**Q** 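Starting off with a structure, shown below.
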Amino acid sequence: MAALSADRLISCGIQLLEVLSAAPGQRCTRTAAAQALHVDVDAIPQIVDTVSALSDRTSGARVALTLDGETLSLTGDAALIMPRRFSLEESMVLAHVLDVLNLDEETREHIRAAVMPLGEAPEKARIAEPARYGAWFGKLSEAIEDGIRCRMTYRSLEDDDAHERVIDPIAVTEEHGEMYLIAWNVEKDAERRYRLDRIQDVTFTEDSIEQHGAQLMDTAASLRESGQHVRLAVPSLAYLQRLDWAGIGEIAEEPDGSATCTLFFDSKHWLFDQLLSAGGDIVLLDVPELAGELAAYAEELLASVDR
């Protein structure tokens with residue numbers, strides 16, 4: 001193998017930094033690096049030594065570039081040729097933070113252009129406070145990116161206490177101002193959505209996620225897939241249009257001007273709260289046992305107020 005000239009070593013060193021900057025985790029094999037640089041694989045150690053020997057004249061800082069067996073690694077951000085960019089989920093958090101900080105628009109745009117995903121602009125966050133993301137957003141984002149199966153402690157609306165679920169996290173999404181985790185529930189073998197602010201704990205398992213053919217359903221589709229359903233009567237179509245419930249479907253206008261609809265839901269407590277707050281304007285149809293449960297629920301609420 002002919003020795004590389006000094007100019008060629010420097011040129012290859014810069015190309016190597018470009019390759020590692022674009023590689024997942026800033027790592028690649030020695031063979032892949034040699035192919036990208038169009039050099040013999042035996043020349044890679046010499047190129048690594050050359051790059052590692054270069055230092056900043058003022059600070060003395062050096063590129064943290066290592067060759068461990070067949071693996072090349074670039075450590076830290078100092079030698080990245082391209083800026084490190086956030087995932088779309090991370091950029092949603094950044095977009096919210098930029099909106100609440102007292103920064104001029106030009107500065108915000110510089111930050112967005114520097115770190116947000118190229119060609120993708122996250123929908124402006126309609127989130128009142130960072131707590132909507134919950135305490136586990138970062139860990140879940142890491143699990144999604146690295147493909148890690150998780151154990152999650154979660155309290156649904158129906159539960160008084162939180163319960164553990166084994167999940168394969170798929171994506172974090174925002175809908176109507178709320179943040180949701182889309183994940184595959186391993187025990188139920190089905191796609192589910194979880195509110196981030198109801199998650200109480202997340203731990204990584206030793207297992208990797210499996211590919212389940214998830215559909216990334218929105219709330220409406222998820223309710224139709226896994227929720228219960230009931231038929232409701234309301235005073236008018238206009239009244240129905242004011243309701244922002246994701247599970248509304250199969251709407252029909254009646255001859256007297258009233259309207260009926262099918263409502264898909266996943267929590268009886270949520271349904272009962274909505275019906276009681278409507279003050280009799282919304283009526284349950286054809287489900288007498290559910291009407292009995294509603295009456296018992298209302299009695300419990302009145303008893304708790306009396307106490």
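Keep in mind it's a predicted model, so treat the numbers as computed, not measured.
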**Q** Output the distance between atom CZ (R8) and atom CD (Q15), rounded to the nearest 0.5 Å.
**A** 6.0 Å

**Q** Which heavy-atom pair separates L37 from C12 by the least distance, and what is that distance?
**A** CD2-O, 3.4 Å

**Q** Would you tell me whether T260 and R231 have side-chain atoms, one donor and one acceptor, within less than 3.5 Å of each other?
**A** yes

**Q** Roughly how far, to the nearest 0.5 Å, is CG of L9 from CD1 of I14?
**A** 11.5 Å

**Q** Is there a side-chain contact between I10 and V51 (heavy atoms, below 4.5 Å)?
**A** no

**Q** When you group the ILVMFWY residues by side-chain heavy-atom contacts below 4.5 Å and let the links chain together, are V166 and F204 in the same group?
**A** no

**Q** So do the side chains of L20 and L72 get within less than 4.5 Å of each other, counting heavy atoms only?
**A** yes

**Q** Any chance you could lay out the side-chain contact (heavy atoms from CB on, under 4.5 Å) test for D161 and R155, step after step, and finish with the verdict?
**A** CA-CA 6 Å; D161 301 311; R155 186 185 65 81; over 6 Å; no

**Q** At their closest point, which heavy atom of W245 faces which heavy atom of Q274, and how far apart are they?
**A** CZ2-CB, 3.5 Å

**Q** Measuring only between side-chain heavy atoms, which start at C-beta, is Y154 closer than 4.5 Å to Q200?
**A** no

**Q** For L263 and L271: C-alpha separation, side-chain torsions, deciding distance, then whether side-chain contact (heavy atoms from CB on, under 4.5 Å) applies.
**A** CA-CA 9 Å; L263 177 68; L271 174 64; 3.6 Å; yes

**Q** What distance separates I170 CD1 from E191 CD, expressed to the nearest 0.5 Å?
**A** 5.0 Å

**Q** Is it the case that over 12 heavy atoms from other parts of the model lie below 6.0 angstrom from the CD atom of E289?
**A** yes

**Q** Side chains of F264 and V230: closer than 4.5 Å at any heavy-atom pair?
**A** no

**Q** Any link between L17 and V39 through a network of hydrophobic side chains (Ile, Leu, Val, Met, Phe, Trp, Tyr) touching at under 4.5 Å?
**A** yes

**Q** Would a hydrophobic clustering, with Ile, Leu, Val, Met, Phe, Trp and Tyr connected at side-chain separations under 4.5 Å, put I182 with I209?
**A** no

**Q** Between E293 and F272, is there a side-chain heavy-atom distance shorter than 4.5 Å?
**A** yes

**Q** Counting C-beta onward and ignoring hydrogens, is there a side-chain heavy-atom pair between V202 and T153 closer than 4.5 Å?
**A** no

**Q** Are V19 and L4 linked, directly or through other ILVMFWY residues, by side chains that come within less than 4.5 angstrom of each other?
**A** yes

**Q** With no hydrogens and no angle check, is any side-chain donor or acceptor of D146 less than 3.5 Å from a backbone partner on I148?
**A** no

**Q** What distance separates L284 CG from L290 CG, expressed to the nearest 0.5 Å?
**A** 5.5 Å

**Q** Among side-chain atoms of E250 and T262, is any donor-acceptor pair under 3.5 angstrom?
**A** yes

**Q** Can a donor-acceptor pair be found between the side chains of S258 and D256 at a distance below 3.5 Å?
**A** yes

**Q** Using the rule side chain to side chain contact (heavy atoms under 4.5 Å, CB included), only one of L276, V234, L240 pairs with I282; which is it?
**A** V234

**Q** To check you understand the geometry: which heavy-atom pair defines the closest contact between V41 and A34, and what is its length?
**A** CA-CB, 3.7 Å

**Q** May I ask you to check whether over 12 heavy atoms, not counting those of R195, lie within 6.0 Å of atom CZ?
**A** yes

**Q** Give, for atom CD of Q35 and atom SG of C28, the distance between the pair rounded to the nearest 0.5 Å.
**A** 10.0 Å

**Q** Could you walk me through whether I199 and L140 satisfy the side-chain contact (heavy atoms from CB on, under 4.5 Å) test, starting with their C-alpha distance in whole Å, then the side-chain angles of each, then the deciding distance to 0.1 Å, before giving a yes or no?
**A** CA-CA 11 Å; I199 297 173; L140 288 168; 3.8 Å; yes

**Q** With a 4.5 Å heavy-atom cut-off, do V172 and M179 have their side chains touching?
**A** yes

**Q** Mind listing the closest non-hydrogen atom pair of A183 and P169 along with its distance?
**A** CB-CA, 3.9 Å

**Q** Quick check for you: to the nearest 0.5 Å, what is the distance between L181 atom CG and T173 atom OG1?
**A** 10.5 Å

**Q** Which atom names give the shortest non-hydrogen contact between C261 and I251, and what distance separates them?
**A** CB-CG1, 4.0 Å

**Q** Check for a donor-acceptor pair, side chain of K139 on one end and backbone N or O of T203 on the other, with a separation under 3.5 Å.
**A** no

**Q** With a cut-off of 6.0 Å (strictly less than), are more than 12 heavy atoms of other residues, nucleotides or ligands near CG of D68?
**A** no

**Q** Answer yes if L285 and L275 sit in the same cluster of Ile, Leu, Val, Met, Phe, Trp and Tyr residues linked by side chain heavy atoms under 4.5 Å apart, and no otherwise.
**A** no

**Q** Here's one to test your reading of the geometry: is the NZ or CZ of R193 within 45 degrees of the ring axis of Y180 and under 6.0 Å from its centre?
**A** yes

**Q** Do K268 and Y297 form a cation-pi contact, if we require the NZ or CZ to be under 6.0 Å from the six-membered ring centre and within 45 degrees of the ring's axis?
**A** no

**Q** Look at E206 together with R149 and state whether they make a salt bridge at an N to O cut-off of under 4.0 Å.
**A** no

**Q** Short question: side chain of T50, backbone of Q46 - any donor-acceptor pair under 3.5 Å?
**A** yes

**Q** Apply the test side-chain contact (heavy atoms from CB on, under 4.5 Å) to residues T29 and T71: give CA-CA distance (whole Å), side-chain angles for both, the deciding distance (0.1 Å), then the verdict.
**A** CA-CA 5 Å; T29 65; T71 303; 5.6 Å; no

**Q** Are W184 and D189 close enough that a side-chain donor and a side-chain acceptor fall under 3.5 Å?
**A** yes

**Q** Check whether any side-chain heavy atom of C150 sits under 4.5 Å from a side-chain heavy atom of T205, and report yes or no.
**A** no

**Q** Step through the shown structure and confirm whether more than 12 heavy atoms of other residues, nucleotides or ligands are within 6.0 Å of NE2 on H163.
**A** yes

